Number of protein chains: 2
Amino acid sequence: MNETALCQPGEAETQQRAAALPERPFFTVDLVIFTIRAERLEVLLVKRAERPRKSWWALPGGLLDLRCDASIEACAVRKLVEKAGVYAPYLEQLKTYGSRDRDPRGWTATTAYFALMASERVQLGGNQEAVRWAPIRGDGVDCDLAFDHAHILADAVERLRSKLEYTHIAVHLLPEEFTLPELQRTYEIILQQPLDKSSFRRRVAQADLLEEIPGKLRDGPGRPAQLYRFRDYDRRTFFPRSISRHAR
Amino acid sequence: MNETALCQPGEAETQQRAAALPERPFFTVDLVIFTIRAERLEVLLVKRAERPRKSWWALPGGLLDLRCDASIEACAVRKLVEKAGVYAPYLEQLKTYGSRDRDPRGWTATTAYFALMASERVQLGGNQEAVRWAPIRGDGVDCDLAFDHAHILADAVERLRSKLEYTHIAVHLLPEEFTLPELQRTYEIILQQPLDKSSFRRRVAQADLLEEIPGKLRDGPGRPAQLYRFRDYDRRTFFPRSISRHAR
DNA sequence: TCCATTAGTTGCAAAAAGAAACTATAATGC
DNA sequence: GCATTATAGTTTCTTTTTGCAACTAATGGA
């Protein structure tokens, strides 16, 4: 009847002060670091140096260090610096994956973060780890990934695509100064779908999140384009329509 | 210069097989269980029976049990049964909170889930814990909560409100059969804002997620209302407009 | 029977989006 | 110098969606 009987409910709580038993899972942080390179959405992968899954490609990450990481987020920031040499890109918690089977060594949990940055800002870590940018095809990469990392990556790609629809986050994939055609192309690359120019610009203008850099233009073939800068990092959206519009 | 120098990077990884050191955080799961009662959005709270924060109100939850919980989600389901006596309501991972200071006992992490259910389905746990439904005011409850639970609750309320705008999840707060005015009222209670009747119904009809129960009507004062049932649990949304509409 | 009450529909004006044509500004080649 | 090509940016028009209010429908009770 009581499905929890086998668990001796409450017992775990009383063991709380006995630190020796392995009642606590291994806890890691993994990063899904996206960038745009050569008109493609790409993700940073590292080749595992240790068993298990030695020499498989995996998301960068590693064990939480209770001595130096004040929080999970701080750990993610530290890993980001170690792996991509970047201090302050866009970083957002994605989801936590924890189970008995995701790692052959036993019960582990990992909190995945996803980060966006302009490829110019990345300084790949000097440690001898093999590191690689892999292009996203569909909702993942072409090679196999260790553990459940393909699943995590698919979740991250889905989150990125869906957040494009109601936030401004794509600007973090571009350098500080960028043009509207570049921004639109970023959207198109990620959504894998051409967008209408005038509608796109109408909405960007409405959101009022970008500021024109007076006089500054970017050259290329054809007419030079106006440069813009992201005005601020608040939570207003490009695409503010929602059910609240029914409000009376 | 190198901010991570103090952490002896890489050392944590090599300690991986030494289980005795407390390099793993305490790991718990907390639940934000919402329901609608008496025209209010309410959340389930329990009174802590132990120190620290003894007899403070807190979100229901507790330690992950590595012996019986196959995954974090399984742990959340188990806690949901223990606290609310419910097996299959809507359950979604919210976020993971982990830091050195959130609990005076040391480094802890908790993965918060949020659950929606019709108040009729709840069977408050028989254990002698003090349990209480607290109405949401603004983005929290009136009393103080233990640890960072007020913060978790605020995140859950924000997530619930924002998900109302592009998903169907409010149906999980209603009994299996409900009327459109009841559904609209649910939206209004959560968003704290009156909605336009014809726009609301237009969109619900467009999403095509509800099926009419032929002949079944609900009486009240005035004209009886048609009863509906949620058709299925897929990811289609009530409110499908988004940037992709710019697609050509 | 008439009124209050709530459910559900319809019609219309205003706003937003989609689509395409249009103008603007540069480089290049003759 | 001038047409050509290429890309940036604007305008115009049509269609769709929304906000709003009035309308009809069905019930109970004075």
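Note: hydrogens, waters and symmetry copies are ignored here, and every other heavy atom, side chains too, is used. Chain naming here is simple, since letters A, B, ... match the order of the sequence lines and numbering starts at 1 in each. All of these numbers come straight from a predicted model, not from anything done at the bench.
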Checking contacts here: which listed nucleotide (D:dT10, C:dA7, D:dG9) is nearest the side-chain heavy atoms of A:Ser198?
D:dT10
Between atom CG in B:Asp196 and atom P in D:dA22, what is the gap in whole Å?
13 Å
Do the charged groups of B:Arg161 and B:Asp139 touch, with an N to O distance under 4.0 Å?
no
B:Leu227 CG to D:dA26 P, straight-line distance once rounded to whole Å
17 Å
Which comes earlier along DNA chain C counting from the 5' end, the contact point of A:Leu217 or that of A:Arg202, where each point is its nearest nucleotide?
A:Arg202
Which of A:Glu177, A:Glu182, A:Gln226 passes side-chain hydrogen bond (donor to acceptor under 3.5 Å, both in side chains) with A:Arg218? Answer is A:Glu182
Distance in angstrom units between A:Arg201 CZ and C:dC22 C1', rounded:
14 Å
State whether the side chain of B:His149 and the backbone N or O of B:Ala58 hold a donor-acceptor pair below 3.5 Å, judged by distance alone.
no
Taking atom C1' of C:dT6 as reference, at what distance in whole Å does atom CD of B:Glu182 sit?
12 Å
In whole angstroms, the gap separating P of C:dA21 from NZ of A:Lys197 amounts to 13 Å
If you check the B:Pro224 side chain, which of D:dG9, D:dG19, D:dA26 turns out closest?
D:dA26
Of the options C:dA26, C:dT5, C:dA17, whose atoms approach the side-chain atoms of B:Pro221 most closely?
C:dT5
What's the closest nucleotide to the B:Ala225 side chain, out of D:dA21, C:dA7, C:dA17?
C:dA7
Look at all strands and tell whether A:Thr179 reaches a base, only sugar-phosphate, or nothing, counting heavy atoms closer than 4.0 Å.
nothing
Length of the line joining A:Phe200:CZ and C:dA19:C1', which is rounded to integer Å:
17 Å
Between the base of D:dA26 and the side chain of B:Arg223, is there any donor-acceptor pair under 3.5 Å?
no
Heavy-atom neighbours of A:Glu176 CD exceed 12 at 6.0 Å:
no
Applying the ring pair (Phe, Tyr, Trp, His ring centres under 6.0 Å) test to B:His168, which of B:Tyr90, B:Phe230, B:Tyr187, B:Tyr228 qualifies?
B:Phe230
Could you tell me how far apart A:Leu183 (CG) and D:dA8 (P) are, to the nearest whole angstrom?
13 Å
If I take atom CD in residue B:Gln226 and atom P in nucleotide D:dT27, what distance separates them, rounded to the nearest angstrom?
12 Å
Does C:dA17 have its OP1 or OP2 closer than 4.0 Å to a side-chain nitrogen or oxygen of A:Ser199?
no
